[in-house]
Amino acid sequence: GRVTEPFDLGVRAVNALLTAGRGQRIAIITGSGVGKSVLMGQMIAGAEADIVVTGLIGERGREVSDREECGDERRNDYARARAAYAAASQFAAAAPEDLAEHASSLAARTCVGITWAWFLDGRFAETVDAARQCHPDPKWASADPILLAYYSLIRLGRPADARSLLTGQREAFVGPPSEQLLLLEADGRLTAGDGWSWREDVDVRARFFDGLRMTAAGDASARDRLDAAAHARNGGLSAVAARIELDRLDGDGAPASSPP
């Protein structure tokens, strides 16, 4: 359709001189070192949008890490959480036979990122809707959309629907063993004495989701679990999510506790 509604990109000079519209495509074309990445970071931080999806296709690995750890002071934990990063730094250079696999990985991470962004913004109905759209290749399947939708339904006061979703999705899930373990733990099928342990890269996520489970059950030690995730070394998005949950528990926007 026609572009008729202005879109605030969060950069006053651009808004004034090169006004963008909703639904419009924009190209930023300059030489190297001029500031394209900086301008894009400012737009990500200030754009009037609920979710910002950034596909860093063909970018160098350094550009990806710089974007994730954007130094703009306005990009606090909440601003960072609303941006879903879909980075495929080798996509452009991949051989034709590899393109399908890269595209599959990119699509899966984008879907997971959008679901996370809705949840961390406290938009639980949208979280459930986004999770239902995730149908990745089993190789890239993640438990995150299922678990985020599960805890969102609990916070929406729909524990029966939450239980039905978790049970059905757990039984149908085809993906890496570590992701299956996350679902089994949320479903109460695992205990600490079952002789299993998390990989280091999954451990912080496990602590975060366990903190959500304990919060939903009204367990007072949930705060300790979330705090451990929030201060984990190299915790990434799960650590950011844990800090946001702790803020919710401290503020007026504390999540509702409704045992599953």
Side-chain angles (χ1 to χ4, degrees), residues 1-30 35-59 63-89 91 103 105-136 142 144-145 148-149 151-152 155-156 236-245 247-248 251 253 255:
R2 296 175 58 194
V3 176
T4 59
E5 183 180 354
F7 179 68
D8 184 358
L9 288 170
V11 181
R12 284 181 290 182
V14 176
N15 288 339
L17 302 175
L18 299 168
T19 307
R22 292 187 180 275
Q24 181 178 347
R25 296 180 181 180
I26 300 173
I28 303 175
I29 304 172
T30 72
K36 296 186 298 294
S37 296
V38 172
L39 179 58
M40 190 167 72
Q42 292 174 340
M43 291 179 176
I44 290 171
E48 188 180 13
D50 291 320
I51 293 178
V52 179
V53 178
T54 309
L56 302 175
I57 311 303
E59 286 282 15
E63 292 284 351
V64 175
S65 60
D66 286 350
R67 178 69 62 244
E68 289 178 340
E69 299 176 4
C70 181
D72 192 311
E73 292 181 357
R74 290 179 300 164
R75 284 188 60 77
N76 54 24
D77 287 345
Y78 291 90
R80 181 182 175 192
R82 71 194 272 271
Y85 286 95
S89 55
F91 191 97
S105 170
L106 178 63
R109 285 188 287 176
T110 301
C111 179
V112 172
I114 291 173
T115 307
W116 269 104
W118 283 127
F119 184 84
L120 296 180
D121 200 38
R123 306 280 286 275
F124 301 125
E126 288 86 348
T127 301
V128 176
D129 290 339
R132 286 172 175 162
Q133 305 303 315
C134 290
H135 305 288
S142 169
D144 290 9
L148 293 173
Y151 290 112
S152 291
R155 293 181 178 184
L156 290 169
L237 179 59
S238 296
V240 173
R243 290 197 291 272
I244 291 174
E245 285 299 310
D247 286 347
R248 285 176 176 162

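As the structure is a prediction and not an experimental result, all values here were calculated from the model.
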Exercise: identify the closest heavy-atom pair between Arg22 and Val3
O-CG1, 3.7 Å
Distance-minimising heavy-atom pair for Ala131 and Pro145
CB-O, 3.3 Å
Smallest separation among heavy atoms of Asn15 and Thr19, with atom names:
O-OG1, 2.5 Å
Taking all non-hydrogen atoms of both residues into account, name the closest pair between Ala149 and Thr127 and its distance.
N-CG2, 4.2 Å
Arg248 CZ to Leu120 CG distance, which is reported to the nearest 0.5 Å:
6.5 Å
What distance separates Leu237 CG from Ile244 CD1, expressed to the nearest 0.5 Å?
8.0 Å
How far does OG of Ser238 sit from CG of Asp144, to the nearest 0.5 angstrom?
7.0 Å
Would you say Met43 and Val14 make side-chain contact, with heavy atoms under 4.5 Å?
yes
Under a 4.5 Å cut-off applied to non-hydrogen side-chain atoms, are Lys36 and Leu39 in contact?
no
Return the minimal non-hydrogen interatomic distance between Ala241 and Trp116, and the atom names on each side.
CB-CZ3, 3.5 Å
List the atom of Ser142, the atom of Val112, and the distance in Å for their closest heavy-atom pair.
CB-CG2, 3.9 Å
Note, Leu18 side chain near Ile26 side chain (heavy atom, < 4.5 Å):
no
Could you tell me if the side chain of Val128 sits less than 4.5 Å from the side chain of Phe124, heavy atoms only?
no
Can you tell me how far OG1 of Thr115 sits from CG of Leu148, rounded to the nearest 0.5 angstrom?
7.0 Å
Sorted by chain and residue number, the side-chain hydrogen bond (donor to acceptor under 3.5 Å, both in side chains) partners of Arg123 (sequence neighbours excluded) come out as Asp50, Glu126
